[in-house]
Structures are given as C-alpha cells and as structure tokens.
Amino acid sequence: MQIDLEAERKEILNRYKKLLKASKRKLDKAEKDIIRKAFEVAVEAHKEMRRKSGEPYIYHPIAVAQICAEEIGLGPTGIVCALLHDTVEDTDLTLDDVRGLFGEKVAQIIDGLTKISGVIDYTSSIQAENFRKVLLTMSEDIRVILIKLADRLHNMRTLEHMKHDKQIKIASETFFLYAPLAHRLGLNAIKTELENLALKYTDTEAYEDIEYKLKESEPERKRFIQKFIEPLKEILSEQGFKFKIFGRPKSIYGIYNKIKTKFVSFEEIYDLFAIRIVIDTPPEKEKADCWKVYSIITDFYHPSPERLRDWISTPKSNGYESLHTTVMGPQGKWVEVQIRTVRMDEIAENGFAAHWKYKDTDTENAAEQENQLENWLRRIREMLENPDPNALEFIDDFKLNLFSDEMFVFTPKGDMKTLPVRATALDFAFEIHSKIGEHCIGAKVNHKLVSLNHELTSGDQVEILTSKKQTPKEDWLDYVTTAKAKSKIKNSLKHQRKKIALEGKEILRRKMERYNMTFSTHIVNEFANFLKLPSSQELFYRAALGNVDIKEVREFAAYREDPVKPTKKQELQKLEQLVTSARGKSDMLVIGDDMQKLDYNLAPCCNPIPGDDVFGFITVSEGIKIHRVNCPNSIKLLSNYAYRVVKAKWVNDQLISFLAGLKIKGTDEIGIVNNITKVISNENNVNMRSINFDTEGGLFEGTIMVYVHDTKHLNHLIDKLKTVKGINRVERIDEKE
Ligand code: MN
C-alpha cells in the first residue's frame, strides 16, 4: 500500500485546527501555545505508530482531545492531557519528560491515565480491587476519568477494526464500567452512545432489527410529533418565549432494554420518543418559566397525574434538572414532555463538565450544583478510604450505591440528604455523622417514632434520637445498606471487641497468677488450646464476659502440672494397668469376652450393646465405662478429656446379653400389648425385662427394656415389632426406664 505522507501531514494539521475550534471556551495565547506544544510532542512520540485501521496513530489522541473539548467541555489542561494520554504508556516519552515539559498537574493526570489503563485494559476481567483503584485515581482528579471516558468513546467508535473477540471484550467492559460511570457523572450523551455501540457489538442482530424498525416508522412518528407540537409552538411564541421544541427518540439501547425487561414488542412501546422544550431564559426566572410552560402545555393536553417529575426543585445527584410530565396526545397516545432551560439541557447532556462553563455565574443554583458534584466526590472518596478488606464485598456495597436509584430525605432543619433506596433510619444517622450513628437509639420519621431498621422513603423528614450510652451492635450490620454506615459499624465493633478483650486479659492474668502460672503468650495460647478456642483474643474476650470460670483455670493448672489429676493418680495408675492388660497386643480395649475379669461396665446414659461404635472412658471411682460414640455425653468427654479415653471394640459373643430400650408408638388397637409381647417371646434369646405403656386419646405409647446380644439382633427385633398391627414407630432409646 502506498502511503502519501505529505497528504497525511496535511490531514493531521487539519484535524488539529478543528480541535482548536472545538474548545467551548475562547483560548488565550498562552493556552493555545501549551496545546500546540502538547500536539507537537504527541505527533513526534507517536510518529512511527499506526492504528489497526492503518491510519496514523496521532488521529486517535486528537480525536480524544476533540471529544474532551467539544462533548465534555474540558479546558486547556484537559485537552493537553488528552493529546498526551497514550504517550507515557506506548512511547519512549517518560513521566519525567512530561513533568519537565508540562508541569506537575499534567504529569499527575497522565500518571493516573497510565495507571488506569494498567488496571482496566490488561486484565481479562475487571476485578473488584481494580475497580476500586480506578475510582481512587478518579477521586484525585476527575479529569482522569473524563479523559478515559473520551478515550473509550473513540475506541468504541472505531471498534470495527478490531478482531471479534476483542470487540466483545471491550464492549462488555463498556457496559459494565464505562456507561454506568458516564451516567453517574451526568454525561448522558456519552452514556447513550456508549450503550448503543456496546449493544451493536454484543447483540448485533437485535441492534440492527431495532435500528431498521426505527427508520421504518420514522415518517409516521415525524407526522405525529409535528401535529403534537404545532399548536404549542403558536402559544409559546404568543407568550414571548424564546424556545426550541422537538421530538427526541429513545436510544436503541433504551428500546432494547425495555423489550428485554418489560417483555414487550417494539410495536408496543408507547414512549419511543419524548417531546423536549428548551427555553432560553435568565437564571433568576428559570424555575418560574419552566412551570409557566408546564401550565401552557397542560392547558392544551391533559396530564397524567402520576407522571409528574420535578427534577428542578430537587435535582438528581448527578446534576440532572428538568421538569417531566406525561400528557394525553392526539390519537389517545401518552406522550412524555420534558421542559428545561438551555443551561439545564446542556447539563443534562454533558453533565457537570458542561456546568463548569457556568461556574462563574454566581446564581444560587450554580453554587448548589457545584456543591452536589463535591458531595458526590466526597462520598466516593469516603468509600474508598475505608474499603472493606474483602474487596468483593466492597464492590457489592459500591455497586449498590452506584447503580441503584436514590432518594432524598430531609433533616428536621430541612437540609437534604441523598441516600440509596432501601436505606434505613440508621443509614441516615451515619450519613449525618458517624458519632450520631454510633449513639443512635431510634428515629422519628415524619414525627412518628420508628426503629433503627425502618426503611426510609423519598421525602421523609428524619430526626435521629441518640443516647450517650448506646454503642453499635452486631445486628446493626443487617440494618444498614450504605457502604459508609457498614464500614463505620464494623470498625466500631472491632474496636469494642479489642477494648473488652483488653479488660479480659487483666482478669485472666489475675486468675492465672492465683494458680502460680506465669502469664506469658505461650501459656495463654496453650490455655486457649486447652479450652478449644480459636485464639487468645477469644479467650480474653470470654474472660471479660465472665465465661472463663475458676474451675477451668484450676483444671488447666492441674493439666500443666501433670496431664492426669494428681490426687487420683494412684487409682488411675491401677486403671491404666487394667487398660494395658485389656488391650493386649493391640491398643484396643476388647469388650465382651471377659467382662468379669476387667473392671468396666456399660454406661447407663446410652446403654451400648455389641455392634455399637463405642469407646472406653476411665473414671476414677467406677473403672472403665463404655459409651456409645453417639452418646449425648460423648462430645463433652471426647473433647475435654481425650487423655482418659481408650479405643474399644466388641468381640462377637452371642452368649452375653445386653440391656436395650425401645420406644413404641402407634394407635391403641385391641390386644396390642399381647401382640408385642408375643413377638418378643417368639424371638430366640430375647428376654423382656420390663414393659410400660400408656394410651391416651386412641394413641399408644410404650417403653420396653429387652436383653439382646448385639445391634443386629436388636434391629431384627425392631423390624419384627414394626409389623405388629397398629404400631407405626419403633425407636431405640438411650436411657433406662
Ligand atoms: Mn487511547
């Protein structure tokens, strides 16, 4: 391919001139000079590079700078940074070079841009931690994120040159991260374009289908809009308004989303477009004039009472201001009408960036807007400064705040607070101040007393009740939704626990010293271990709550002296000898063949019989007791006195009988007791020791103690008993009658 370098050089200069014209603000000489310098540095740095499309690479930074200037409204610093945004990352230019040439501020923004690329562009999926980093950088200088958005927008506009799998990856990220960010920053035009482009590559068929249908239905829509606005134009002119009125189609992605979420067809969507009236009016008359227009329209078309949205008195937190109403138009069709001023329209389309243009007008409204941007940045910063150690949890908290709708609630003095929907009274308390939150005992919502977890609704007036004695509780974590409240509560709980543990440490020290134990980390850990606690902190905590009693300290002291209690030592030695002889060659205690010789008996709490899983437990006065492994007492014995436990197993000896208990339930049939005893006496070698039964209200319940050889034998008997007419349950029971 032959490249005409001379023609390219001309084109580069053309594009540069177009960029200068795009600046919203008139640039002075010094500003033009620095932009020129950035342009030349960028051209030089990228001179050998070409884009995937084959074009000179420098077209890209120029285009990004153009978007920053024209569509976002950034000033000279933003334009300079946009021109340089890929230099440090992709060329030989270093950050120090940039600092030397353009100063600290530009270097800082370029550094942010380079880092952002590092976290977003080169990971296969956006991890929560990366997401946090992105936002951290953003909160340093919001221009970093604005330039990154412009960069992404241009890349999306030129995505056709990429390979398909890259297209999908980039488009998905755009959906996940960039479009919501643009939305949150109030960059509506950019958000809409990003969504449309992302859809074009992720669901091409649906995109083209909607695009086609929109085009096809356009003539009819135009006629309708014409008919709708004709009479309004006349009256508004008569009233002396300077205005624009036009129909605005819903975006392709907006339509796609509605089809997907509302399960409707394209033809069923009634709000394919909205009518927008943009009036040109001085700041002090904005609100009154918008309502005047509202009144004119609703004189002409009947409004739906439920569909009035006043974003002028209460702007959205991304700065959006507008008055929305839905009216009944010709042919019985509902039509949404948006009323706003030129200033509001620019902010609605281009967000806070556009607003900077109005920064110097000292109307109260402008100050209020500025305030909200500040508030928003402050909230993000707070979230980032106290991130949860669990990054995933953080992203959940964050997404909740970022993407969910918001509500507005008021303090008793009428100050407005923005909270995510589903926020509670407790969230509100933390929103005011963390000390108010920590001492919150309740709230009054619209003068009515409510609990801490009461969910607020937009427009509520909330008064928080506090008490100095109150402290955050564990279950408060379930009461709150905002990331701020959650992290404050977690911190406070951690703090409380530490403080309590510290008190516990002293208590424990005194207790241990009473038993002549040195209070050292090693011994404390050993004690925690002895009590089966996860850490020494936990032990301190328990000690503070009075849950470590002196008996346990005494036992531990004794255990440290000698794992076996010294007073009973002799007797135990005797027992151990018995155990040793019983074990024989294996280390198992073998039960069943020589019961008489060995000093052991069967524990009455669980009545083990041959076949059961058992263990032997050395008691001081009664020799070795045999328990079932699933005996109600076994957990306590096995975990606290492991050194006194001996493994045990049965030998098969049919001649010895063991006592077992059965509980029988059923309906009170005639002769049921007879039938039960018959079954038992018909079984070989089973002897019944006792039988008790009760009948009440036609129900039969009985307890039988029988002598059996082993579990197999017992189970056989249980099966037999279950066949007796009227019996529906037979269960083995642990204890004797
Ligand atoms: Mn770039």
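Remember, it's 1-based here, ligands and their atoms both numbered in the order they're listed. If you're wondering where the values come from, they're calculated on a predicted model, not measured in any experiment.
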Seminar exercise, completed: For K200, the side-chain contact (heavy atoms from CB on, under 4.5 Å) test, sequence neighbours excluded, returns Y207
Exercise. Within a reach of under 6.0 Å around NZ of K37, are more than 12 heavy atoms found that belong to other residues, nucleotides or ligands?
Worked result: yes
Exercise. Does the distance from a Lys or Arg side-chain N to an Asp or Glu carboxylate O, for R50 and E8, drop under 4.0 Å?
Worked result: yes
Problem set entry | Residues which pass salt bridge (charged side-chain N to carboxylate O under 4.0 Å, His left out) with K244, listed by chain and number, not counting sequence neighbours | none
Exercise. Only one of D345, D310, D280, D289 forms a salt bridge (charged side-chain N to carboxylate O under 4.0 Å, His left out) with R340, so which one is it?
Worked result: D345
Problem set entry | Atoms (protein N, O or S; no water) under 2.8 Å from the Mn ion (ligand 1) | 4
Problem set entry | Residues which pass side chain to side chain donor-acceptor pair (under 3.5 Å) with K47, listed by chain and number, not counting sequence neighbours | E44
